[in-house]
Amino acid sequence: MARFDFLEVLCTLRDTGMVPVFYHRDAAVACQVLKACYEGGVRAFEFTDRGDFACEVFASLVKYAGKECPEMALGVGSVTDAPTAASYLNCGADFVVGPCFVEEVARLCNRRVVPYVPGCGTVAEIVAAQEAGCNLVKLFPAGCAGGPSFVKSVRGPLPRVQIMATGAVEPTEESLRAWFEAGVACVGMGSRLFPAPRLETGDWMWIAGKCRFVLGVIRNCRRK
């Protein structure tokens, strides 16, 4: 069962502003990355279903977060079918993210009262996801789907749509400012937060510092 309720998770995603997107087959490494992000101020983390036994690693993360990262909402990403979503929900996922909109996943998450954030690349997909009860949608791949200009254009006729941009978001002031000025609710960020050399050397302080920098930029963008 999820540790946080539906509204708490949505507020955390929006208020934090940045969701790290990460996968590693080693649970020990994944736990260290989760802790580094937490120490850097992150309060929502997406572990992707991208490898064998990923669900087992996720279960370890949930247990670790309960003790070491008590305010962290832990979600699963790259979900494309309801059975996979169910497996992670049974492990305690607080939210579910996918690269595309899948109606069966939406129905499952609605029954469990857990936020589902589906990937959308067109206005029609966004509206379909909203009609299925998705309060937050993921623009994916954000760069190919039109970038910040797409977000700004969509929020004209759909001013209440909440968008998380994932893909082509960089941990720089220029990139983050463009996305948040366009009107995103939050952004997802993966490999740029976790360069392979930093993972190989266990440089968790660097990851925490990068998260802290990104969140600081986001706060400044929101003040203007």
Side-chain angles (χ1 to χ4, degrees), residues 6-21 42-46 48 73 75-81 85 94-110 113-193 214-224:
F6 185 91
L7 291 178
E8 279 183 304
V9 174
L10 287 176
C11 288
T12 296
L13 290 166
R14 181 195 63 205
D15 294 346
T16 300
M18 185 268 286
V19 181
V21 180
V42 171
R43 292 299 180 265
F45 187 94
E46 176 187 333
T48 60
V76 58
S78 301
V79 174
T80 57
D81 61 83
D94 293 305
F95 59 97
V96 176
V97 183
C100 56
F101 171 63
V102 180
E103 189 173 352
E104 292 81 2
V105 176
R107 285 200 296 267
L108 172 64
C109 289
N110 286 338
V113 198
V114 169
Y116 172 42
V117 187
C120 300
T122 67
V123 174
E125 291 174 348
I126 290 173
V127 171
Q130 286 183 309
E131 290 177 347
C134 301
N135 299 84
L136 177 67
V137 298
K138 178 172 78 167
L139 179 62
F140 181 79
C144 298
S149 62
F150 178 85
V151 175
K152 185 175 182 179
S153 297
V154 168
R155 285 178 55 80
L158 301 174
R160 291 182 175 81
V161 66
Q162 299 291 300
I163 296 174
M164 176 173 73
T166 304
V169 181
E170 299 180 3
T172 65
E173 183 171 353
E174 180 181 9
S175 176
L176 292 165
R177 186 168 299 282
W179 286 107
F180 279 90
E181 287 182 351
V184 297
C186 56
V187 295
M189 204 174 303
S191 59
R192 292 175 177 83
L193 284 178
V214 169
L215 295 178
V217 172
I218 291 172
R219 284 193 296 271
N220 289 334
C221 290
R222 286 173 165 171
R223 290 193 186 105
K224 297 182 179 181

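Just so you know, these numbers use all the heavy atoms, side chains as well, and skip hydrogens, waters and symmetry mates.
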Ser175 side chain to Pro171 main-chain N or O, any donor-acceptor pair under 3.5 Å? no
Smallest heavy-atom separation, Phe45 atom then Phe95 atom, equals O-CZ, 3.5 Å
For the student: nearest non-hydrogen atoms of Ala44 and Leu13, plus distance: CB-CD2, 3.6 Å
If you define the side chain from C-beta out and look only at heavy atoms, does anything of Leu215 sit under 4.5 Å from Met18? yes
Look up atom CD in Glu173 and atom CZ in Arg177, then write down how far apart they are to the nearest 0.5 Å. 5.0 Å
What heavy-atom pair brings Ala182 and Val151 nearest, and what distance separates the two atoms? O-CG1, 3.6 Å
Under the salt bridge (charged side-chain N to carboxylate O under 4.0 Å, His left out) test, residues paired with Arg14 that sit two or more places apart: none
Specify the closest pair of heavy atoms between Met189 and Leu193, including all atoms of both residues, with the distance to one decimal. O-CD1, 3.7 Å
Can you tell me how far apart CZ (Arg222) and CG (Leu176) are? Round to the nearest 0.5 Å. 10.5 Å
How long is the span from the CZ atom in Arg107 to the OH atom in Tyr116, to the nearest 0.5 Å? 11.0 Å
With a 3.5 Å cut-off and no angle check, do the side chains of Arg223 and Asn220 form a donor-acceptor pair? yes
Can you check whether Asp81 reaches Val102 side chain to side chain, under 4.5 Å on heavy atoms? no
Side-chain atoms of residues 159-170: list all donor-acceptor pairs with protein atoms under 3.5 Å, sequence neighbours left out, distances to 0.1 Å.
none

Please give me the minimum heavy-atom distance between Ala85 and Leu108, naming the atom from each residue. CB-CD2, 3.8 Å
Under 3.5 Å, which donor-acceptor pairs link side chains of residues 125-144 to any protein atom two or more places apart or in another chain?
from, atom 1, to, atom 2, distance (Å)
Glu125, OE1, Gly121, N, 2.6
Glu125, OE1, Thr122, N, 3.4
Lys138, NZ, Gly98, O, 3.4

Counting distance only, does the side-chain N/O of Arg155 pair as donor-acceptor with the main-chain N or O of Val184 below 3.5 Å? no
Any non-hydrogen side-chain atom of Arg192 less than 4.5 Å from a side-chain atom of Val214? no
Might you point out which heavy atoms bring Thr16 and Arg43 nearest each other, and give the distance in Å? OG1-CB, 3.5 Å
How long is the span from the SG atom in Cys11 to the CZ atom in Phe6, to the nearest 0.5 Å? 10.0 Å
